[in-house]
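Contents: one structure, followed by commentary.
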Amino acid sequence: AAAGALVSSTVGTAELGRRVKTGETHAMVGGAAAALAAAISVGRVIVLLSVTAAPLVPEAGPALAAAVVVFVGAAFALRFFDRDEDKGDNAQKLRSPLDLWSVAKFALFLGAVIIIGRIVADQFGQAGLLPFAATAGLADVDAVTLATGSLVRGGLEPAIGAHAVMIAVLMNTLAKGVIAFVTGGWR
C-alpha cells in the first residue's frame, strides 16, 4: 500500500476496499493500509509545496504535518487493536498504479487543473480559488497543490494558496473515505 500511495493513494484505497470486500484481507488491515496511504499522500503534498511553493510551507505545513501524524497514529492503532488478525499469509501485492497510461492521464488532468485554476483566478479573483480547490481536490490533491504553487509564484497571496491546498487535502480525504466505503462496504 505504501508504494502504491507514492503514486495514487486514491487508487490504493479503492484496491484495499475491494480486497476487504472480497475477503482477501480484513477490514483492520485494509484500514491501517489506507491510513498509511493517506499519510504518504499528505506527506507528498508537503514535499511538493517545499519544492514548488515554499512560501506556503509556513502557512500550511503545521496543519499538514499534524494530519500525517494522525494518519500514521491511526494506522498503528488499527494494527495494534486488530483482534481478528489472520494467522495465515493472505497478503498480496497491490497492482502498481504507475503505468504509462496513468502518468499520461495525470499529466492531462494536471494541465487541465492549472488552466482552469488560472481561468477561475482571473475571472473570480482569489475568492474563486477555494471552491475550485474543493472541487478539484475530490479527484486529486497533487494537481491542486502544483496549480496553487504556480498561482502563488504568479502573485497569489500565500495564505489563500495555503487555504486552497488544505481544503483540497480535506476534500480528497473525504473522497477517499467514500471510496473506501463504496468499494469495501461497512464493517
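Computed over heavy atoms, backbone and side chain alike; hydrogens, waters and symmetry mates excluded.
Checked against side chain to side chain contact (heavy atoms under 4.5 Å, CB included), V68 has the following partners two or more places apart in sequence or in another chain: A39, V42, I46, V72. Judged as a side chain to side chain contact (heavy atoms under 4.5 Å, CB included), and not counting sequence neighbours, the contacts of L174 are L170, M171. Listed by chain and residue number, L49, L56 satisfy the side chain to side chain contact (heavy atoms under 4.5 Å, CB included) test with A53 (two or more places apart in sequence, or in another chain). With sequence neighbours excluded, the residues that form a side chain to side chain contact (heavy atoms under 4.5 Å, CB included) with A35 are A74, A75.
V57 and P62 make their closest contact through O-CD, 3.7 Å (heavy atoms, listed as atom of the first residue, atom of the second, distance). Of all heavy-atom pairs between V141 and V165, the closest is CG2-O, 4.5 Å. The minimum heavy-atom distance between M166 and E59, with the atom names listed, is CE-O, 4.4 Å.
Between the OG1 atom in T135 and the CD1 atom in I167 there is a gap of 10.0 Å [rounded to 0.5 Å].
Residues F71 and F76 are members of one and the same hydrophobic cluster, defined by side-chain heavy-atom contacts under 4.5 angstrom among Ile, Leu, Val, Met, Phe, Trp and Tyr.
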Name every donor-acceptor pair, under 3.5 Å, that has one atom in a side chain of residues 152-161 and the other anywhere in the protein, sequence neighbours excluded.
{"from": "R153", "atom 1": "NH1", "to": "T52", "atom 2": "O", "distance (Å)": "2.4"}
{"from": "R153", "atom 1": "NH1", "to": "G149", "atom 2": "O", "distance (Å)": "3.2"}

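Contact annotation: the side chain of D140 never approaches that of V144 to less than 4.5 Å [non-hydrogen atoms, C-beta and beyond].
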